[in-house]
Chemist: 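This is the structure, below, for whatever I ask next.
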Amino acid sequence: MGLSTHVLDTMHGTPATGMAVELYTTTGGQATLVKSFVLNSDGRNPDGPLYDNSSLQRGTYRLVFDVAAYFAGRGVKLPEPNFLDKVSLDFGVADTSQHYHVPLLVSPWSYSTYRGS
């Protein structure tokens, strides 16, 4: 339960190992950084869930994924300016008894997300 994320690099067909991610809480348009981390070899937070079930609060959150730096680090030739730089996903948590999984499927030119399980 709680909150988790997972990033898959659809250009290479692999987890997005080494991508930098930031998690924020958001209130009234203000964002407060909760944690920064780098994805592990499975494209996940190396410390496990971002929040466990007991610490996840009802409210709004933002995940920011450093897409351009990740692909540049993989040697992908990117235009200047990049089409995607940082992907920011704002989402709400309404029921803390449920698991909120926020996956990102990403390439240098597109991304998709959904509420996973």
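Predicted, not measured: the structure shown is a model, and the values here were computed from it. Just so you know, these numbers use all the heavy atoms, side chains as well, and skip hydrogens, waters and symmetry mates.
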Chemist: With clusters defined by side-chain heavy atoms of hydrophobic residues (ILVMFWY) lying less than 4.5 Å apart, directly or transitively, does V67 cluster with Y24?
Modeler: no

Chemist: Kindly give the heavy-atom pair with the smallest separation between H101 and S117, and that separation in Å.
Modeler: CB-O, 3.8 Å

Chemist: Hey, are the side chains of S4 and R44 touching, using non-hydrogen atoms and a 4.5 Å cut-off?
Modeler: no

Chemist: Between H12 and F71, does a side chain to side chain contact (heavy atoms under 4.5 Å, CB included) hold up when you go through it step by step?
Modeler: CA-CA 10 Å; H12 296 100; F71 283 107; 4.2 Å; yes

Chemist: For V7 and V106, what are the C-alpha separation, side-chain angles and deciding distance, and is it a side chain to side chain contact (heavy atoms under 4.5 Å, CB included)?
Modeler: CA-CA 7 Å; V7 182; V106 68; 3.9 Å; yes

Chemist: Please name all residues satisfying salt bridge (Lys or Arg N to Asp or Glu O under 4.0 Å) with D52, sequence neighbours left out, ordered by chain then number.
Modeler: none

Chemist: Does any non-hydrogen side-chain atom of Y61 lie less than 4.5 Å from one of L56?
Modeler: yes

Chemist: Please report the interatomic distance OG1(T14) to CG(L8), rounded to the nearest 0.5 Å.
Modeler: 8.0 Å

Chemist: Hey, what do you get for CG (L23) to OG (S36), rounding to the nearest 0.5 Å?
Modeler: 9.0 Å

Chemist: Is the shortest side-chain heavy-atom distance between T113 and L63 below 4.5 Å?
Modeler: no

Chemist: For W109 versus L84, what's the shortest heavy-atom pair and its separation?
Modeler: C-CD1, 4.0 Å

Chemist: Decide side chain to side chain contact (heavy atoms under 4.5 Å, CB included) for L50 and V102; before the verdict, give the C-alpha distance in whole Å, the side-chain angles of both, and the deciding distance to 0.1 Å.
Modeler: CA-CA 11 Å; L50 303 174; V102 184; over 6 Å; no

Chemist: Taking all non-hydrogen atoms of both residues, which atom of G116 and which atom of P103 are closest, and how far apart?
Modeler: N-CD, 4.0 Å

Chemist: Report the distance from atom OG of S97 to atom CZ of R58, rounding to the nearest 0.5 Å.
Modeler: 12.0 Å

Chemist: Taking all atoms of both residues into account, what is the closest heavy-atom pair of R115 and Q98, and its distance?
Modeler: NH2-OE1, 2.9 Å

Chemist: Do the side chain of Y100 and the main chain of T5 share a donor and acceptor less than 3.5 angstrom apart?
Modeler: no

Chemist: Verify the cluster assignment for M11 and L105: are they in a single hydrophobic cluster under the rule of side-chain heavy atoms below 4.5 Å apart?
Modeler: no

Chemist: Please lay out, stage by stage, how K35 and N45 fare under the test side chain to side chain contact (heavy atoms under 4.5 Å, CB included).
Modeler: CA-CA 11 Å; K35 66 170 57 180; N45 177 25; 4.2 Å; yes

Chemist: With a 4.5 Å heavy-atom cut-off, do L89 and Y111 have their side chains touching?
Modeler: yes

Chemist: Who pairs with R74 by salt bridge (Lys or Arg N to Asp or Glu O under 4.0 Å), at least two apart in sequence or on another chain?
Modeler: D9

Chemist: Hydrophobic clustering (ILVMFWY, side-chain heavy atoms < 4.5 Å, transitive) - are F83 and V64 grouped together?
Modeler: no

Chemist: Could you check if a side-chain atom of Y51 sits within less than 4.5 angstrom of a side-chain atom of V34, using non-hydrogen atoms only?
Modeler: yes

Chemist: Please report the closest heavy-atom contact between L33 and E22, naming both atoms and the distance.
Modeler: CD1-CB, 3.9 Å

Chemist: With a cut-off of 6.0 Å (strictly less than), are more than 12 heavy atoms of other residues, nucleotides or ligands near CZ of F91?
Modeler: yes

Chemist: Which heavy atom in N82 sits nearest to a heavy atom in A68, and how many Å separate them?
Modeler: ND2-CB, 3.2 Å

Chemist: To the nearest 0.5 Å, what is the distance between OG1 (T96) and CG (L3)?
Modeler: 12.0 Å

Chemist: Keeping the roles fixed (side chain from T60, backbone from T26), state whether a donor-acceptor pair exists under 3.5 Å.
Modeler: yes

